[in-house]
Every structure is written in C-alpha cells, then in structure tokens.
Amino acid sequence: MAIEYYNSVWDAIEDTPEEALNMRLRSELMAKIAGRVREWNLTQKEAADRLGITQPRLNDLLNGRINKFSLDALVNLTGPAHFHLELEIEDEKEVAA
C-alpha cells in the first residue's frame, strides 16, 4: 500500500477539494476567533454578548464544533472580534507557471 501525503488533514478526509477548502477556511477562522475570545479574559456570557451570539453558541465555537458553523457565520464574527478579513483569489494557471 502506497503512502499518501496531503497538504491538510481536510484534503485527506473530505470528498472534494472544494469541501476541503471550505473546512480549512472554517477551521482557521474558528481558531482565530476562539483565540481572540480567550485573550479578552471575559466570562462566556460577556464574550458572547460582545460577539452578538448566545453563550451556548460561543461554547460551540470555543470547543471546536466546526460543523455547527458555516463559513458565512464565521466571517460575520470577524468584525465583532476586531479582525480585518481580506479575500485573495489567485489564478491557478499563474500559480502553477
């Protein structure tokens, strides 16, 4: 059996490259937002209020329940978390060249 190597764990476990990309982006955003919340050193209720979500929803975020968050929902949390988010799109033809 040949050993396969992947750029990301998501590439290994998701069915399509698009699903893997979505999960990579979601996990990166979740980690950043959760880190920011921990920096605030607030109660979960106070942090949830700051983000404009419920405390149980924040608990899901802090515990890495990635399937409970869409990419869109996480993008919407970047503002209240005081992150500036930019999207960069590269042409695969130019990157490969």
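Remember, it's a predicted structure, so these values are computed and weren't measured experimentally.
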Asker: More than 12 heavy atoms of other residues, nucleotides or ligands under 6.0 Å from CD of Q55: yes or no?
Answerer: yes
Asker: For a side chain to side chain contact (heavy atoms under 4.5 Å, CB included) check, start with the C-alpha distance between N67 and M23, then their side-chain angles and the critical distance, and finish with the verdict.
Answerer: CA-CA 9 Å; N67 289 328; M23 294 303 286; 4.0 Å; yes
Asker: Can you check whether W10's main-chain N or O pairs, donor with acceptor, with R24's side chain at less than 3.5 Å?
Answerer: no
Asker: Using modelled atom types and a 3.5 Å cut-off, is there a donor and acceptor pairing between side-chain atoms of R57 and backbone atoms of K68?
Answerer: yes
Asker: Give, for atom CG of N22 and atom CG of L71, the distance between the pair rounded to the nearest 0.5 Å.
Answerer: 5.5 Å
Asker: Could you state the interatomic distance from CG (L42) to CH2 (W40), rounded to the nearest 0.5 Å?
Answerer: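 Output value for this atom pair is 7.5 Å.
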Asker: How many angstroms lie between atom OG of S8 and atom CD of E28, to the nearest 0.5 angstrom?
Answerer: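 Output value for this atom pair is 10.0 Å.
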Asker: To the nearest 0.5 Å, how far apart are CG in L25 and CE in M30?
Answerer: 13.5 Å
Asker: Can you name the one residue among I66, L74, L77, L61 that meets side-chain contact (heavy atoms from CB on, under 4.5 Å) with L29?
Answerer: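 Result: among I66, L74, L77, L61, L74 is the only option passing the side-chain contact (heavy atoms from CB on, under 4.5 Å) with L29.
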Asker: With no hydrogens and no angle check, do the side chains of N59 and R65 hold a donor and an acceptor under 3.5 Å apart?
Answerer: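 Yes.
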Asker: How long is the span from the CG atom in L58 to the NZ atom in K45, to the nearest 0.5 Å?
Answerer: 10.5 Å
Asker: For the residue pair E46 and V37, establish whether any side-chain heavy-atom pair is separated by less than 4.5 Å.
Answerer: no
Asker: Can you confirm if the NZ or CZ of R26 lies within 45° of the ring axis of F69 and under 6.0 Å from the centre of its six-membered ring?
Answerer: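 The answer is no, since R26 fails at least one limit relative to F69.
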